[in-house]
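Working notes, structure below.
First listed ligand is number 1; within each ligand, the first listed atom is number 1. Quick note: numbers below take in every heavy atom, side chains included, and nothing from hydrogens, waters or symmetry partners. The structure presented is a predicted model; accordingly, all values stated were derived computationally and were not measured.
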Amino acid sequence: MKKLARADFDRLREKTRLVLAGRDPEDSYGFVNTPIVRGSTVVYPTMEDFLQRKARYSYGTKGNPTIDALEAALNTMEGGAGTVVCPSGLMGCTLPLLATLSAGDHLLMTDSVYRPTRMFCDSMLRRMGVETTYYDPALGADIAALFRPNTKAVWTEAPGSQTFEMQDIPAIVEAAHAHGALVMMDNTWATPLFFDSHRFGVDISVQAGTKYYAGHSDVLIGTVSARTPELYRTIRDAWEALGVIIAPEDAFLTLRGIRTMRLRLQEQMPAGIAMAQWLAARPEVARVMHPALPDDPGHALWKRDFTGASSLFAIELEPVAMQAVGAMLDGLSLFGMGASWGGYESLILPFDCTPYRTATKPAYRGPTIRLHIGLEDLEDLKADLDAGFARLRAAA
Ligand SMILES: *Cc1c(COP(=O)(O)O)cnc(C)c1O
């Protein structure tokens, strides 16, 4: 097998690059995959080599071959200047904020943001002297009115991972860049396969790799990709300063996950849409929140900017007592009840975002439920939910 030159690799289509990226059998004793390299200490043959740090790797916290392989593969997907990985998706969100904001700075944060990111802004960022203003995710170009002289960054997440509001990313990018502010995006829902965030001008693109990248509910990992070499340096320097290295086993499992991510999403996207449509037709369901459905308020933006959908969405039930919802959820046998998503298995959970939202108060008539559709047979999943709705009706 002939080794490809870098320029030839870059010319390949994404599908092929995802199979080839982050591995080099010549460096792996001929084995197909990059092995798990564990280690803290790197030893040098001579004093001169040590003094000049003349080695590919210098110490365990600064990277190793397994982690490098993953970062190279992720960068192929993100198409940015560089990507770093960290031990959780949450750290993927907090790292770029820590890396770029200083005391006295102002941050614009979407009200639909992943809640632990919000808690980070309201606790540690606030203590460090960074002020956060939450904004309505529906704001497009009008976000310009919220900028202050010290606004350094705008955080976006589209769609929100509980409430599924889409955001007009190009309009926000234009307003932010006109102001000299960075745009950061939690792109976990669409993944780089379905939303090419850097091409739309997003400066920092974050993934909870825990979800579709790893894909098997057995790894926690975050990724941060930067659009420009300068920003990449800033993120990499913060990464080194904080010592947020990941375990090489997690890098290996995530690399394994992304080989099949496209296939999983190609199966899970239509399953999620079909399930959303089936739910929309049910009398117990008041509304489905899924931007790929034509009557969703975010559909036009989704259609304009995204090339696909993942299999996470939410529903609003017709008004019903929570104890009836409990009867429905407790008896499900195919949907696990728990946080996270993006694995091969279906999940369901009740949520209520109204107590902590500050810029907007979504008005729901009945209880809200989030679903993640896995790789099970759709008819089996529908039968499980159908029986659940019967329990809900009986308990109402
Ligand atoms: C899960 C999630 C995160 C955090 O990822 P963890 O690996 O669980 O820390 C961040 N953003 C979104 C949108 C998520 O769903």
Side-chain angles (χ1 to χ4, degrees), residues 70 74 78 83-98 109-125 134 137 155-167 169 184-195 197 202 204-225 239 242 244-247 249-251 253-254 257-258 261 265 268 272 289-291 298 306 309-314 336-343 345-349 351 353 356-357 368-374:
L70 172 62
L74 294 174
E78 295 276 6
T83 304
V84 307
V85 291
C86 44
S88 69
L90 179 57
M91 182 91 223
C93 299
T94 57
L95 178 70
L97 294 169
L98 278 173
M109 173 63 76
T110 178
D111 206 24
S112 53
V113 69
Y114 175 67
R115 196 176 176 197
T117 305
R118 179 183 201 105
M119 294 192 305
F120 172 76
C121 296
D122 294 346
S123 56
M124 195 174 283
L125 271 192
Y134 293 93
W155 186 275
T156 62
E157 186 181 324
S161 63
Q162 271 191 335
T163 43
F164 300 92
E165 300 96 329
M166 283 296 299
Q167 295 198 261
I169 301 294
M184 307 187 184
M185 178 174 188
D186 184 332
N187 192 25
T188 303
W189 186 85
T191 83
L193 298 185
F194 294 152
F195 183 67
S197 56
V202 170
I204 297 284
S205 181
V206 171
Q207 277 286 323
T210 306
K211 313 292 163 56
Y212 290 107
Y213 280 17
H216 294 73
S217 306
D218 52 7
V219 178
L220 291 161
I221 189 164
T223 80
V224 185
S225 161
W239 178 91
L242 289 165
V244 283
I245 195 80
I246 69 166
E249 286 82 358
D250 291 346
L253 286 171
T254 307
I258 64 173
M261 178 165 99
L265 280 167
Q268 284 173 274
M289 295 164 241
H290 192 316
F306 286 46
S310 63
S311 62
L312 186 80
F313 62 95
M337 201 181 331
S340 205
W341 44 285
E345 83 290 11
S346 289
L347 293 167
I348 197 163
L349 52 76
F351 69 91
C353 67
Y356 59 84
R357 298 266 295 231
T368 42
I369 291 177
R370 188 178 78 176
L371 295 98
H372 172 257
I373 306 304

Residue contacts for ligand 1, heavy atom to ligand atom, distance under 4.0 Å: Ser88, Gly89, Leu90, Tyr114, Glu157, Ser161, Asp186, Ala208, Thr210, Lys211, Leu220, Trp341
All side-chain contact (heavy atoms from CB on, under 4.5 Å) counterparts of Thr188, not counting sequence neighbours: Asp186, Gln207, Ala208, Lys211, Trp341
Smallest separation among heavy atoms of Gly89 and Val206, with atom names: O-CG1, 4.5 Å
Gln167 versus Thr156, side-chain donor and acceptor atoms under 3.5 Å: no
Name of the residue among Asp250, Leu253, Thr83, Ile221 meeting side-chain contact (heavy atoms from CB on, under 4.5 Å) with Leu70: Ile221
Those residues that, when tested against Ile369, pass side-chain contact (heavy atoms from CB on, under 4.5 Å) (two or more places apart): Ile315, Leu317, Val325, Leu329, Ile348, Leu371
Ser88: partners by side-chain contact (heavy atoms from CB on, under 4.5 Å), with sequence neighbours left out: Leu90, Met91
